[in-house]
Amino acid sequence: MSEFEPKIIAFVCNWCTYAGADLTGTSRMKYAHNVRVIRTPCTGRIDYMLILKAFSAGADGVIVSGCHPGDCHYTSGNYHARRRWMVFRSLLDFLGIDVERVRFAWVSAAEGAKWAEVVNTTVADIRRLGPYTEYQNLIGRGVERSFQV
Amino acid sequence: MAETVRRTSGQTVVNDMEALRQRARELLDAGTVQVIIGYANGSNRRVRPFFARRPEDLERLILDDRCVLNLAVYLRKPEVKALGKAAVIATPPLLRSILQLAAENHYQESEAVFLALDSAGNVLELSSAEQIAGVLGSLPGSTGQDACVPSADRMPALSAGSTDRQARFAFWKQEFERCIRCYACRAACPMCYCEQCLVDSNQPQWIPVAAHSIGNLEWHISRAMHLAGRCVNCGACSEACPAGIPLNLVNQFLADRIQQEFGQKAGTSAKLDYALSVFSGSDRETFIK
(Lines give C-alpha, C1' and ligand atoms only; values in the text may rest on other atoms or scores of the structure.)
Protein backbone atom coordinates (compact mmCIF):
# COMPACT_ATOMS: atom_id res chain seq x y z
CA MET A 1 0.00 0.00 0.00
CA SER A 2 1.28 3.39 -0.95
CA GLU A 3 2.11 5.94 1.69
CA PHE A 4 -0.81 7.86 3.20
CA GLU A 5 -1.28 11.21 1.48
CA PRO A 6 -3.24 13.58 3.71
CA LYS A 7 -6.09 15.52 2.14
CA ILE A 8 -5.98 19.09 3.47
CA ILE A 9 -8.52 21.82 2.80
CA ALA A 10 -7.33 25.40 3.28
CA PHE A 11 -9.82 28.22 3.72
CA VAL A 12 -7.95 31.43 3.04
CA CYS A 13 -8.88 35.07 2.74
CA ASN A 14 -8.67 36.76 -0.64
CA TRP A 15 -6.59 39.71 0.47
CA CYS A 16 -3.73 38.25 2.47
CA THR A 17 -3.25 34.51 2.49
CA TYR A 18 -4.48 33.89 -1.05
CA ALA A 19 -2.09 36.56 -2.30
CA GLY A 20 0.59 35.12 -0.01
CA ALA A 21 0.06 31.65 -1.49
CA ASP A 22 0.31 33.24 -4.93
CA LEU A 23 3.63 34.74 -3.92
CA THR A 24 4.85 31.32 -2.82
CA GLY A 25 4.22 30.11 -6.35
CA THR A 26 5.63 33.10 -8.19
CA SER A 27 8.73 32.87 -5.96
CA ARG A 28 9.15 29.27 -7.21
CA MET A 29 8.98 27.86 -3.70
CA LYS A 30 7.90 24.22 -3.63
CA TYR A 31 5.51 23.02 -0.97
CA ALA A 32 3.42 19.95 -0.25
CA HIS A 33 0.74 19.37 -2.90
CA ASN A 34 -1.77 17.93 -0.43
CA VAL A 35 -3.56 21.19 0.10
CA ARG A 36 -6.72 22.31 -1.73
CA VAL A 37 -7.05 26.06 -1.38
CA ILE A 38 -10.52 27.61 -1.14
CA ARG A 39 -10.59 31.37 -1.49
CA THR A 40 -13.05 33.31 0.65
CA PRO A 41 -13.59 37.08 0.78
CA CYS A 42 -12.41 37.37 4.39
CA THR A 43 -11.72 35.17 7.40
CA GLY A 44 -14.91 36.67 8.82
CA ARG A 45 -16.72 34.73 6.09
CA ILE A 46 -15.28 31.37 7.18
CA ASP A 47 -18.26 29.89 8.93
CA TYR A 48 -17.60 27.01 11.32
CA MET A 49 -19.91 24.91 9.11
CA LEU A 50 -17.35 25.15 6.28
CA ILE A 51 -14.79 23.47 8.53
CA LEU A 52 -17.25 20.74 9.52
CA LYS A 53 -18.20 20.22 5.86
CA ALA A 54 -14.54 19.81 4.94
CA PHE A 55 -14.21 17.00 7.48
CA SER A 56 -17.46 15.34 6.50
CA ALA A 57 -16.28 15.47 2.87
CA GLY A 58 -13.28 13.41 3.87
CA ALA A 59 -10.58 15.94 4.72
CA ASP A 60 -7.87 14.77 7.10
CA GLY A 61 -6.97 18.30 8.10
CA VAL A 62 -8.10 21.89 7.64
CA ILE A 63 -6.05 25.09 7.45
CA VAL A 64 -7.75 28.40 8.14
CA SER A 65 -5.72 31.46 7.36
CA GLY A 66 -6.09 35.18 6.76
CA CYS A 67 -4.73 38.64 7.45
CA HIS A 68 -2.81 39.45 10.60
CA PRO A 69 -4.78 41.37 13.26
CA GLY A 70 -4.91 45.00 12.19
CA ASP A 71 -4.48 44.18 8.49
CA CYS A 72 -8.02 43.16 7.57
CA HIS A 73 -9.21 44.60 4.24
CA TYR A 74 -12.60 45.08 5.91
CA THR A 75 -11.05 46.49 9.11
CA SER A 76 -12.35 43.94 11.59
CA GLY A 77 -13.31 40.67 9.88
CA ASN A 78 -10.32 38.81 11.27
CA TYR A 79 -10.99 40.03 14.83
CA HIS A 80 -14.51 38.63 14.61
CA ALA A 81 -13.10 35.43 13.14
CA ARG A 82 -10.57 35.14 15.95
CA ARG A 83 -13.31 35.25 18.61
CA ARG A 84 -15.36 32.71 16.73
CA TRP A 85 -12.37 30.36 16.40
CA MET A 86 -11.56 30.68 20.09
CA VAL A 87 -15.09 29.51 20.91
CA PHE A 88 -15.35 26.96 18.12
CA ARG A 89 -11.97 25.37 18.77
CA SER A 90 -12.68 24.89 22.47
CA LEU A 91 -16.06 23.37 21.57
CA LEU A 92 -14.41 20.89 19.19
CA ASP A 93 -11.93 19.98 21.90
CA PHE A 94 -14.71 19.51 24.47
CA LEU A 95 -16.51 17.15 22.10
CA GLY A 96 -13.31 15.18 21.55
CA ILE A 97 -12.69 16.22 17.96
CA ASP A 98 -8.98 16.32 17.18
CA VAL A 99 -8.09 20.03 17.20
CA GLU A 100 -4.59 19.15 15.97
CA ARG A 101 -6.23 18.73 12.59
CA VAL A 102 -7.60 22.27 12.44
CA ARG A 103 -4.78 24.75 11.97
CA PHE A 104 -5.12 28.49 12.19
CA ALA A 105 -2.54 30.92 10.90
CA TRP A 106 -2.07 34.56 9.96
CA VAL A 107 -0.27 34.75 6.61
CA SER A 108 0.07 38.13 4.92
CA ALA A 109 0.43 38.79 1.19
CA ALA A 110 4.19 39.25 1.72
CA GLU A 111 4.69 35.96 3.57
CA GLY A 112 5.02 33.49 0.73
CA ALA A 113 7.66 31.55 2.63
CA LYS A 114 5.45 31.38 5.73
CA TRP A 115 2.59 29.90 3.68
CA ALA A 116 4.90 27.16 2.42
CA GLU A 117 5.98 26.48 5.97
CA VAL A 118 2.40 26.40 7.32
CA VAL A 119 1.39 23.91 4.65
CA ASN A 120 4.51 21.77 5.03
CA THR A 121 4.26 21.51 8.83
CA THR A 122 0.51 20.80 8.66
CA VAL A 123 1.00 18.08 6.06
CA ALA A 124 3.87 16.53 8.06
CA ASP A 125 1.81 16.56 11.27
CA ILE A 126 -1.31 15.13 9.64
CA ARG A 127 0.80 12.48 7.93
CA ARG A 128 2.03 11.48 11.37
CA LEU A 129 -1.53 11.49 12.81
CA GLY A 130 -2.79 9.37 9.93
CA PRO A 131 -6.17 9.51 8.17
CA TYR A 132 -9.02 10.90 10.27
CA THR A 133 -10.92 7.63 10.24
CA GLU A 134 -12.47 8.34 13.63
CA TYR A 135 -14.51 11.18 12.11
CA GLN A 136 -14.94 9.62 8.68
CA ASN A 137 -16.48 6.55 10.31
CA LEU A 138 -19.34 8.75 11.45
CA ILE A 139 -20.33 9.22 7.83
CA GLY A 140 -22.81 6.53 6.98
CA ARG A 141 -22.78 5.30 10.53
CA GLY A 142 -26.49 5.28 11.06
CA VAL A 143 -29.01 4.30 13.67
CA GLU A 144 -29.12 0.77 12.33
CA ARG A 145 -25.45 0.31 13.22
CA SER A 146 -25.73 1.81 16.64
CA PHE A 147 -28.13 -0.96 17.64
CA GLN A 148 -25.56 -3.64 16.86
CA VAL A 149 -23.75 -4.97 19.89
CA MET B 1 -28.96 2.93 26.48
CA ALA B 2 -27.92 5.06 29.40
CA GLU B 3 -30.58 5.82 31.91
CA THR B 4 -32.14 9.21 31.63
CA VAL B 5 -31.26 11.21 34.69
CA ARG B 6 -33.72 13.82 35.82
CA ARG B 7 -33.05 16.15 38.68
CA THR B 8 -36.71 16.33 39.48
CA SER B 9 -38.12 14.66 42.54
CA GLY B 10 -41.60 16.14 42.46
CA GLN B 11 -41.32 17.56 45.95
CA THR B 12 -43.24 20.72 46.42
CA VAL B 13 -40.82 23.52 47.04
CA VAL B 14 -43.30 26.35 47.03
CA ASN B 15 -45.59 26.71 50.02
CA ASP B 16 -46.85 30.09 48.99
CA MET B 17 -48.81 28.95 45.96
CA GLU B 18 -51.93 30.55 47.41
CA ALA B 19 -50.26 33.97 47.46
CA LEU B 20 -49.26 33.54 43.81
CA ARG B 21 -52.77 32.45 42.85
CA GLN B 22 -54.23 35.40 44.73
CA ARG B 23 -52.06 37.91 42.88
CA ALA B 24 -52.80 36.18 39.57
CA ARG B 25 -56.52 36.38 40.34
CA GLU B 26 -56.23 40.11 41.04
CA LEU B 27 -54.45 40.68 37.74
CA LEU B 28 -57.06 38.72 35.80
CA ASP B 29 -59.97 40.41 37.57
CA ALA B 30 -58.55 43.87 37.03
CA GLY B 31 -58.07 43.09 33.34
CA THR B 32 -54.35 43.97 33.59
CA VAL B 33 -53.58 40.67 31.93
CA GLN B 34 -55.75 38.27 29.96
CA VAL B 35 -53.87 35.04 30.56
CA ILE B 36 -51.69 33.54 33.28
CA ILE B 37 -48.99 31.23 31.98
CA GLY B 38 -47.84 28.71 34.52
CA TYR B 39 -47.50 25.02 35.20
CA ALA B 40 -50.14 22.40 35.92
CA ASN B 41 -50.17 18.66 36.44
CA GLY B 42 -50.22 16.73 33.21
CA SER B 43 -50.62 13.01 32.74
CA ASN B 44 -48.27 10.46 34.25
CA ARG B 45 -46.82 12.73 36.96
CA ARG B 46 -45.52 15.08 34.33
CA VAL B 47 -45.85 18.81 34.38
CA ARG B 48 -47.35 20.68 31.49
CA PRO B 49 -47.55 24.36 30.61
CA PHE B 50 -50.90 25.80 31.60
CA PHE B 51 -52.69 28.87 30.27
CA ALA B 52 -55.26 30.14 32.76
CA ARG B 53 -57.74 32.57 31.24
CA ARG B 54 -60.50 32.38 33.88
CA PRO B 55 -60.09 32.88 37.64
CA GLU B 56 -61.40 29.37 38.34
CA ASP B 57 -58.56 27.87 36.28
CA LEU B 58 -56.03 29.25 38.74
CA GLU B 59 -56.64 26.43 41.22
CA ARG B 60 -54.79 24.13 38.84
CA LEU B 61 -51.55 26.12 38.90
CA ILE B 62 -48.63 24.39 40.56
CA LEU B 63 -44.98 25.24 41.12
CA ASP B 64 -42.47 22.64 42.24
CA ASP B 65 -39.07 21.41 41.19
CA ARG B 66 -40.49 19.46 38.27
CA CYS B 67 -41.31 22.80 36.65
CA VAL B 68 -38.16 23.04 34.53
CA LEU B 69 -39.80 23.80 31.19
CA ASN B 70 -38.92 27.40 30.30
CA LEU B 71 -42.18 29.32 29.88
CA ALA B 72 -40.38 32.15 28.10
CA VAL B 73 -40.74 30.17 24.84
CA TYR B 74 -44.47 30.88 24.82
CA LEU B 75 -44.18 34.65 25.04
CA ARG B 76 -42.94 34.85 21.47
CA LYS B 77 -45.55 32.59 19.91
CA PRO B 78 -48.21 34.41 17.85
CA GLU B 79 -50.97 32.13 19.15
CA VAL B 80 -50.06 33.04 22.72
CA LYS B 81 -49.73 36.73 21.90
CA ALA B 82 -53.25 36.52 20.45
CA LEU B 83 -54.58 35.63 23.91
CA GLY B 84 -53.66 39.12 25.15
CA LYS B 85 -51.18 40.33 27.71
CA ALA B 86 -49.75 37.55 29.84
CA ALA B 87 -48.58 37.17 33.40
CA VAL B 88 -46.02 34.39 33.78
CA ILE B 89 -45.24 32.37 36.89
CA ALA B 90 -41.52 33.02 37.00
CA THR B 91 -38.52 31.06 38.21
CA PRO B 92 -34.96 32.44 38.17
CA PRO B 93 -34.03 30.56 34.93
CA LEU B 94 -37.04 32.10 33.18
CA LEU B 95 -36.10 35.58 34.40
CA ARG B 96 -32.56 35.09 33.11
CA SER B 97 -34.02 34.15 29.72
CA ILE B 98 -36.13 37.30 29.72
CA LEU B 99 -33.04 39.42 30.43
CA GLN B 100 -31.20 37.78 27.56
CA LEU B 101 -34.21 38.17 25.24
CA ALA B 102 -34.35 41.85 26.23
CA ALA B 103 -30.64 42.17 25.43
CA GLU B 104 -31.44 40.78 21.97
CA ASN B 105 -34.43 43.12 21.55
CA HIS B 106 -36.84 40.22 21.69
CA TYR B 107 -38.56 41.30 24.86
CA GLN B 108 -39.99 44.79 25.05
CA GLU B 109 -40.56 46.58 28.33
CA SER B 110 -43.91 45.76 29.94
CA GLU B 111 -44.76 43.17 27.30
CA ALA B 112 -45.66 40.76 30.09
CA VAL B 113 -45.81 40.58 33.87
CA PHE B 114 -43.71 38.10 35.82
CA LEU B 115 -44.86 36.79 39.16
CA ALA B 116 -41.99 35.52 41.29
CA LEU B 117 -41.70 34.58 44.93
CA ASP B 118 -38.92 36.07 47.01
CA SER B 119 -37.28 34.18 49.86
CA ALA B 120 -39.78 35.59 52.38
CA GLY B 121 -42.67 34.23 50.32
CA ASN B 122 -43.82 37.60 49.04
CA VAL B 123 -45.09 37.83 45.49
CA LEU B 124 -43.01 40.13 43.30
CA GLU B 125 -44.59 41.63 40.22
CA LEU B 126 -41.92 42.36 37.63
CA SER B 127 -42.22 43.65 34.10
CA SER B 128 -39.18 45.66 33.12
CA ALA B 129 -35.69 44.31 32.56
CA GLU B 130 -34.35 46.70 35.23
CA GLN B 131 -36.75 45.28 37.84
CA ILE B 132 -35.78 41.73 36.90
CA ALA B 133 -32.04 42.45 37.00
CA GLY B 134 -32.51 44.17 40.36
CA VAL B 135 -34.13 41.26 42.18
CA LEU B 136 -32.74 38.25 40.31
CA GLY B 137 -29.76 37.69 42.58
CA SER B 138 -31.88 37.63 45.74
CA LEU B 139 -34.50 35.13 44.56
CA PRO B 140 -34.42 31.63 46.03
CA GLY B 141 -32.78 29.18 43.65
CA SER B 142 -30.99 31.90 41.70
CA THR B 143 -27.54 30.78 42.74
CA GLY B 144 -25.80 27.47 42.23
CA GLN B 145 -26.56 24.90 39.62
CA ASP B 146 -29.95 25.44 38.09
CA ALA B 147 -29.84 23.07 35.20
CA CYS B 148 -30.31 19.34 35.48
CA VAL B 149 -26.98 17.77 36.21
CA PRO B 150 -26.44 14.30 34.82
CA SER B 151 -24.74 12.00 37.27
CA ALA B 152 -20.94 11.98 37.20
CA ASP B 153 -20.62 8.25 36.59
CA ARG B 154 -22.19 8.75 33.19
CA MET B 155 -19.47 11.14 32.20
CA PRO B 156 -16.08 9.96 33.40
CA ALA B 157 -14.75 11.36 30.13
CA LEU B 158 -15.76 14.85 31.12
CA SER B 159 -14.73 14.85 34.74
CA ALA B 160 -12.27 17.50 35.82
CA GLY B 161 -8.72 16.89 34.76
CA SER B 162 -9.58 14.43 32.01
CA THR B 163 -7.26 14.95 29.09
CA ASP B 164 -8.32 11.91 27.15
CA ARG B 165 -9.63 13.33 23.92
CA GLN B 166 -10.63 9.93 22.53
CA ALA B 167 -12.70 9.18 25.64
CA ARG B 168 -14.52 12.48 25.21
CA PHE B 169 -15.15 11.69 21.55
CA ALA B 170 -16.45 8.22 22.41
CA PHE B 171 -18.71 9.67 25.11
CA TRP B 172 -20.31 12.27 22.86
CA LYS B 173 -20.55 9.90 19.92
CA GLN B 174 -22.52 7.52 22.10
CA GLU B 175 -24.72 10.33 23.42
CA PHE B 176 -25.42 11.92 20.04
CA GLU B 177 -26.10 8.57 18.41
CA ARG B 178 -29.27 8.37 20.48
CA CYS B 179 -30.52 11.66 19.08
CA ILE B 180 -33.67 11.15 16.99
CA ARG B 181 -33.59 14.72 15.63
CA CYS B 182 -36.99 15.59 17.04
CA TYR B 183 -35.71 19.10 17.77
CA ALA B 184 -37.43 19.15 21.15
CA CYS B 185 -34.27 20.89 22.41
CA ARG B 186 -34.86 23.65 19.88
CA ALA B 187 -38.56 23.91 20.70
CA ALA B 188 -37.87 24.07 24.43
CA CYS B 189 -35.26 26.80 24.14
CA PRO B 190 -36.40 30.41 24.41
CA MET B 191 -33.26 31.52 22.59
CA CYS B 192 -33.98 29.37 19.49
CA TYR B 193 -36.37 31.84 17.91
CA CYS B 194 -35.13 31.95 14.31
CA GLU B 195 -38.07 31.76 11.93
CA GLN B 196 -36.08 29.45 9.73
CA CYS B 197 -33.54 27.26 11.42
CA LEU B 198 -30.42 26.31 9.45
CA VAL B 199 -31.33 22.68 9.92
CA ASP B 200 -34.63 23.24 8.06
CA SER B 201 -32.88 24.82 5.13
CA ASN B 202 -32.44 22.44 2.22
CA GLN B 203 -30.89 24.77 -0.35
CA PRO B 204 -28.12 24.47 0.60
CA GLN B 205 -28.59 21.64 3.03
CA TRP B 206 -25.86 22.22 5.55
CA ILE B 207 -26.81 19.46 7.91
CA PRO B 208 -28.15 16.06 6.80
CA VAL B 209 -31.64 15.61 8.20
CA ALA B 210 -31.48 11.88 8.88
CA ALA B 211 -30.84 10.84 12.48
CA HIS B 212 -27.40 9.52 11.61
CA SER B 213 -24.12 10.16 13.39
CA ILE B 214 -22.62 12.83 11.17
CA GLY B 215 -25.77 14.94 10.95
CA ASN B 216 -26.43 14.53 14.66
CA LEU B 217 -22.94 15.72 15.53
CA GLU B 218 -23.21 18.67 13.14
CA TRP B 219 -26.62 19.59 14.50
CA HIS B 220 -25.44 19.59 18.10
CA ILE B 221 -22.30 21.56 17.23
CA SER B 222 -24.43 24.11 15.38
CA ARG B 223 -26.90 24.33 18.20
CA ALA B 224 -24.09 24.95 20.67
CA MET B 225 -22.44 27.55 18.44
CA HIS B 226 -25.72 29.41 17.90
CA LEU B 227 -26.31 29.48 21.65
CA ALA B 228 -22.74 30.40 22.54
CA GLY B 229 -22.84 33.45 24.76
CA ARG B 230 -26.65 33.37 24.79
CA CYS B 231 -27.55 30.25 26.78
CA VAL B 232 -28.71 31.08 30.32
CA ASN B 233 -28.44 27.49 31.57
CA CYS B 234 -32.12 26.88 32.30
CA GLY B 235 -31.68 23.19 31.45
CA ALA B 236 -34.94 23.03 29.48
CA CYS B 237 -33.15 21.42 26.50
CA SER B 238 -31.83 18.41 28.38
CA GLU B 239 -35.11 18.13 30.27
CA ALA B 240 -37.01 18.09 26.98
CA CYS B 241 -34.68 15.58 25.28
CA PRO B 242 -36.51 12.24 24.93
CA ALA B 243 -33.15 10.47 24.52
CA GLY B 244 -31.76 11.95 27.73
CA ILE B 245 -28.73 13.58 26.10
CA PRO B 246 -27.08 16.00 28.57
CA LEU B 247 -27.28 18.86 26.07
CA ASN B 248 -26.94 21.62 28.61
CA LEU B 249 -23.39 20.46 29.39
CA VAL B 250 -22.26 21.56 25.95
CA ASN B 251 -23.98 24.93 26.27
CA GLN B 252 -22.68 25.40 29.76
CA PHE B 253 -19.14 24.59 28.71
CA LEU B 254 -19.27 27.37 26.12
CA ALA B 255 -20.93 29.77 28.57
CA ASP B 256 -18.07 29.19 31.00
CA ARG B 257 -15.48 29.64 28.26
CA ILE B 258 -17.04 32.90 27.13
CA GLN B 259 -17.14 34.16 30.68
CA GLN B 260 -13.47 33.29 31.14
CA GLU B 261 -12.31 34.65 27.80
CA PHE B 262 -14.55 37.66 27.29
CA GLY B 263 -15.86 38.36 30.79
CA GLN B 264 -19.55 38.30 30.06
CA LYS B 265 -22.41 36.05 31.04
CA ALA B 266 -25.80 35.72 29.38
CA GLY B 267 -28.89 36.33 31.50
CA THR B 268 -27.28 38.81 33.85
CA SER B 269 -28.16 42.06 32.13
CA ALA B 270 -30.43 43.43 29.43
CA LYS B 271 -27.51 45.49 28.17
CA LEU B 272 -25.24 42.77 26.89
CA ASP B 273 -23.62 42.65 23.47
CA TYR B 274 -23.66 39.30 21.74
CA ALA B 275 -20.20 37.91 22.51
CA LEU B 276 -19.56 36.77 18.94
CA SER B 277 -20.67 39.97 17.25
CA VAL B 278 -18.22 42.17 19.11
CA PHE B 279 -14.48 41.78 19.55
CA SER B 280 -11.59 43.25 21.38
CA GLY B 281 -8.10 43.89 20.08
CA SER B 282 -6.90 42.29 23.28
CA ASP B 283 -8.56 38.89 22.71
CA ARG B 284 -5.81 36.39 23.48
CA GLU B 285 -5.32 32.94 22.03
CA THR B 286 -2.32 30.69 21.66
CA PHE B 287 -3.28 28.52 18.71
CA ILE B 288 -3.06 30.91 15.74
CA LYS B 289 0.41 30.61 14.29
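Sequence lines set the chain letters: A, B, ... in the order given, protein chains first and strands last, and positions in each chain run from 1.
Most heavy-atom pairs under 4.5 Å with chain A, from the set B:A228, B:S277, B:A210: that is B:S277. Considering only heavy-atom pairs separated by less than 4.5 Å from chain A, the leading option among B:E285, B:H220, B:R257, B:E218 is B:E218. Options A:V118, A:V102, A:D93 differ in how many heavy-atom pairs under 4.5 Å they form with chain B, and the most are formed by A:D93.
Only the side chain of A:R89 comes within contact range of chain B, with heavy atoms under 4.5 Å apart. The contact between A:Y48 and chain B is made entirely by side chain atoms (from C-beta outward), counting heavy-atom distances below 4.5 Å.
A:K53 contributes a side-chain N or O that, together with a main-chain N or O of B:W206, makes up a donor-acceptor pair within less than 3.5 Å. The closest donor-acceptor contact from the side chain of B:R168 to the backbone of A:L95 lies at 3.5 Å or more, if one exists at all. A side-chain donor-acceptor contact under 3.5 Å links A:R82 to the backbone of B:G281.
Across every non-hydrogen atom of A:R83 and B:V278, the tightest pair is CD-O, 3.2 Å.
For the pair B:F169/A:L138, a side-chain contact is recorded, criterion being any heavy-atom separation below 4.5 Å from C-beta on. Proximity of A:L92 to B:I221: side-chain heavy atoms (C-beta onward) are separated by under 4.5 Å at one or more points.
The OG atom of A:S90 lies 10.5 Å from the CG atom of B:D256; values are rounded to the nearest 0.5 Å. Considering CE of A:M49 and OG of B:S222, their distance stands at 4.5 Å, rounded to 0.5 Å. Between the NZ atom of B:K289 and the OG atom of A:S65 there is a distance of 13.0 Å, given to the nearest 0.5 Å. Taking CZ of B:F287 as the reference point, atom CZ of A:R103 lies at 12.5 Å (rounded to 0.5 Å). The distance from the CH2 atom of A:W85 to the CD1 atom of B:I288 is 5.5 Å, given to the nearest 0.5 Å.
Electrostatic pairing of B:K173 and A:E134 does not count as a salt bridge here, judged by no charged N lying under 4.0 Å from a carboxylate O.
Within a 6.0 Å radius of CZ in A:R45, other residues, nucleotides and ligands contribute 12 heavy atoms or fewer. For A:Y18, the OH atom sits in a loose shell: 12 or fewer heavy atoms of surrounding residues, nucleotides or ligands are nearer than 6.0 Å. Within 6.0 Å of atom CD in A:E5, more than 12 heavy atoms from other residues, nucleotides or ligands are found, so the atom counts as buried in its surroundings.
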*Go through B:L276 and A:H80 one step at a time and tell me if the side chain to side chain contact (heavy atoms under 4.5 Å, CB included) criterion holds.*
CA-CA 7 Å; B:L276 294 186; A:H80 286 290; over 6 Å; no
*asked:* Test side chain to side chain contact (heavy atoms under 4.5 Å, CB included) on A:I97 and B:L217; report intermediate values, then the result.
replied: CA-CA 11 Å; A:I97 291 161; B:L217 178 69; 4.1 Å; yes
*Check against side chain to side chain contact (heavy atoms under 4.5 Å, CB included), A:V87 and B:F262*: CA-CA 10 Å; A:V87 172; B:F262 314 128; 3.9 Å; yes
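The aromatic rings of B:W172 and A:F94 sit tilted relative to each other, their planes meeting at an angle between 30° and 60°.
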